Amino acid sequence: MNKAINKIIFVDDDKIQHMINKKNMLRIKPDLELIFFQNPFSALEWLEVNTTDLLLLDINMPEMSGWEFLDLLEQKKIHVPVNMLSSSIDPDDIAKSKDYKMVEGFLVKPLQVEVIEELLNPLE
């Protein structure tokens, strides 16, 4: 992915992750537009009428899993680059993420500054 990232959507039920990611990402790229959703249904509604450069998607959420969210994106024909977020490095989850064309990567929570820098400043 060599496209500049200016707007990132987070879909994660963990408010603390939102605060940490916001602080770290804005420290690296202050003009970044960040939009956070704790509820995946709200995020889906938003994505039906808005675009984003990147979607960071939690796998385990109470309302629906990240996999169900991806299935709904595909059903609604919403195409957006996605990176999965997980607090564990489960080989099954990593393998499953490869089944989705829109999934470009798999990131471990909490996001480390080095990972954020790599995400925001991809090598040309």
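Note that the structure is a prediction, hence the values are computed from the model and not measured.
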### Task
Evaluate the criterion side chain to side chain contact (heavy atoms under 4.5 Å, CB included) for residue pair Asp12 and Leu56; output intermediate values, then yes/no.
CA-CA 8 Å; Asp12 187 337; Leu56 296 179; over 6 Å; no
### Message
Pair Val103, Leu70 - check side chain to side chain contact (heavy atoms under 4.5 Å, CB included), show working.
### Response
CA-CA 9 Å; Val103 175; Leu70 286 170; 3.7 Å; yes
### Query
Is there a side chain to side chain contact (heavy atoms under 4.5 Å, CB included) between Met61 and Asp14 once you walk through the steps?
CA-CA 9 Å; Met61 298 178 284; Asp14 186 340; over 6 Å; no
### Query
Yes or no on side chain to side chain contact (heavy atoms under 4.5 Å, CB included) for Lys22 and Leu26, after CA distance, side-chain angles and deciding distance?
CA-CA 6 Å; Lys22 180 177 185 178; Leu26 292 177; 3.8 Å; yes
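More than 12 heavy atoms of other residues, nucleotides or ligands sit less than 6.0 Å from atom NZ of Lys29.
Taking each heavy atom of Ser97 and Met84 in turn, the nearest pair found is CB-CG, 4.1 Å. Listed here is the closest heavy atom pair of Met102 and Val80: CB-O, 3.4 Å. In terms of heavy-atom proximity, Ile8 sits nearest to Phe10 at CG2-CE1, 3.7 Å.
Note that the CD1 atom of Ile116 and the CD1 atom of Ile5 stand 11.5 Å from one another [nearest 0.5 Å]. Leu73 CG to Gln75 CD: the interatomic distance, rounded to the nearest 0.5 Å, is 9.5 Å. Taking CG from Leu55 and CD from Glu104, the interatomic distance works out to 10.5 Å, rounded to the nearest 0.5 Å. Note that CD1 of Ile59 and OG of Ser87 are 8.5 Å apart. Values are rounded to the nearest 0.5 Å.
Annotation: side-chain contact (heavy atoms from CB on, under 4.5 Å) contacts of Val113 (sequence neighbours excluded): Asn24, Ile28, Glu117. Take Asp58 and apply the salt bridge (charged side-chain N to carboxylate O under 4.0 Å, His left out) test, not counting sequence neighbours, and it matches Lys109.
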Can you give each donor-acceptor pair under 3.5 Å made by side-chain atoms of residues 33-42, sequence neighbours left out, with the distance rounded to 0.1 Å?
residue: Gln38; atom: NE2; partner: Asp13; partner atom: O; Å: 3.2
residue: Asn39; atom: OD1; partner: Phe41; partner atom: N; Å: 2.6
residue: Asn39; atom: OD1; partner: Ser42; partner atom: N; Å: 3.2

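Of the possible donor and acceptor atoms, one in the side chain of Thr52 sits under 3.5 Å from a partner among the backbone N and O of Lys7. With hydrogens and angles ignored, the 3.5 Å screen pairs a side-chain donor or acceptor of Asp53 with a backbone N or O of Asn6.
Annotation: ring pair (Phe, Tyr, Trp, His ring centres under 6.0 Å) contacts involving residues 64-87, sequence neighbours excluded, comprise Trp67-Tyr100. Among residue pairs with one or both ends in residues 80-95, none qualify as salt bridge (Lys or Arg N to Asp or Glu O under 4.0 Å); sequence neighbours excluded. Residue pairs meeting the salt bridge (Lys or Arg N to Asp or Glu O under 4.0 Å) criterion with at least one partner in residues 65-76, sequence neighbours excluded, are Glu48-Lys76.
Residues Leu119 and Leu107 form a side-chain contact, since some pair of their non-hydrogen atoms from C-beta on lies under 4.5 Å apart. Contact of the Leu32 side chain with the Leu120 side chain is registered, since non-hydrogen atoms from C-beta on lie closer than 4.5 Å.
A side chain to side chain contact (heavy atoms under 4.5 Å, CB included) with Val82 holds for exactly one of Leu54, Val11, Leu57, Ile9; it is Leu57.
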